[in-house]
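Inspection log for the structure reproduced underneath, given as structure tokens.
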Amino acid sequence: MESDIESLREEYEIYHQSYLWFNKNYKELAKTYLNKYVAILKDKILGVADTKEELERKFGNIKGVYIDLITSPDIIWMV
């Protein structure tokens, strides 16, 4: 049980690092990958695609991968 919790914690930490790198570099990413989905692992771009599903098929089994859509930094999303 302890190893399961530790494994989840480690996966979350990698995912969080990937998420933070994505946000920190968002404006630069938008210059090249506007309206594309990107898959990030820590501080590396694993892939770029038109659909999230394509990246999930390729990289979804890698623990800690963050996948998101790059939109214009000027857009304000309200959820």
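As the structure is a prediction and not an experimental result, all values here were calculated from the model. Values below: every heavy atom of this structure, side chains too, minus hydrogens, waters and symmetry copies.
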Among E11, E13, E6, which residue satisfies the side chain to side chain donor-acceptor pair (under 3.5 Å) criterion with R9? E6
How long is the straight-line distance from CZ of F22 back to CG of L29, given to the nearest 0.5 Å? 6.5 Å
Do the charged groups of E54 and R57 touch, with an N to O distance under 4.0 Å? no
Given K63 and S7, is the side chain to side chain contact (heavy atoms under 4.5 Å, CB included) satisfied, shown in steps? CA-CA 10 Å; K63 293 182 179 188; S7 177; 3.7 Å; yes
Which heavy-atom pair separates G47 from F59 by the least distance, and what is that distance? CA-CE1, 3.8 Å
Are the side chain of Y19 and the backbone of I14 linked by a donor-acceptor contact shorter than 3.5 Å? no
Locate the shortest heavy-atom distance separating Y33 from I70; write the atom from each residue and the value. O-CB, 3.4 Å
Do L34 and Y26 land in one hydrophobic cluster if side-chain heavy atoms of ILVMFWY residues count as linked below 4.5 Å? no
Sorted by chain and number, sequence neighbours left out, ring-ring contact (aromatic ring centres under 6.0 Å, His included) with Y15 holds for Y66
Could you walk me through whether K36 and L69 pass the side chain to side chain contact (heavy atoms under 4.5 Å, CB included) test, one step at a time? CA-CA 6 Å; K36 300 285 186 181; L69 176 64; 5.7 Å; no
Contacts of Y12 that satisfy side-chain hydrogen bond (donor to acceptor under 3.5 Å, both in side chains) - sequence neighbours left out: none
Verdict with supporting geometry, L41 and I62, side chain to side chain contact (heavy atoms under 4.5 Å, CB included): CA-CA 9 Å; L41 184 60; I62 300 173; 4.0 Å; yes
Without swapping roles, check the side chain of S18 against the backbone of G64 for a donor-acceptor pair under 3.5 Å. yes
Going from CG on N25 to CG on D43, what distance comes out if it is rounded to the nearest 0.5 angstrom? 8.5 Å
Spatial distance of atom NZ (K52) from atom CG (D68) [nearest 0.5 Å]: 7.0 Å
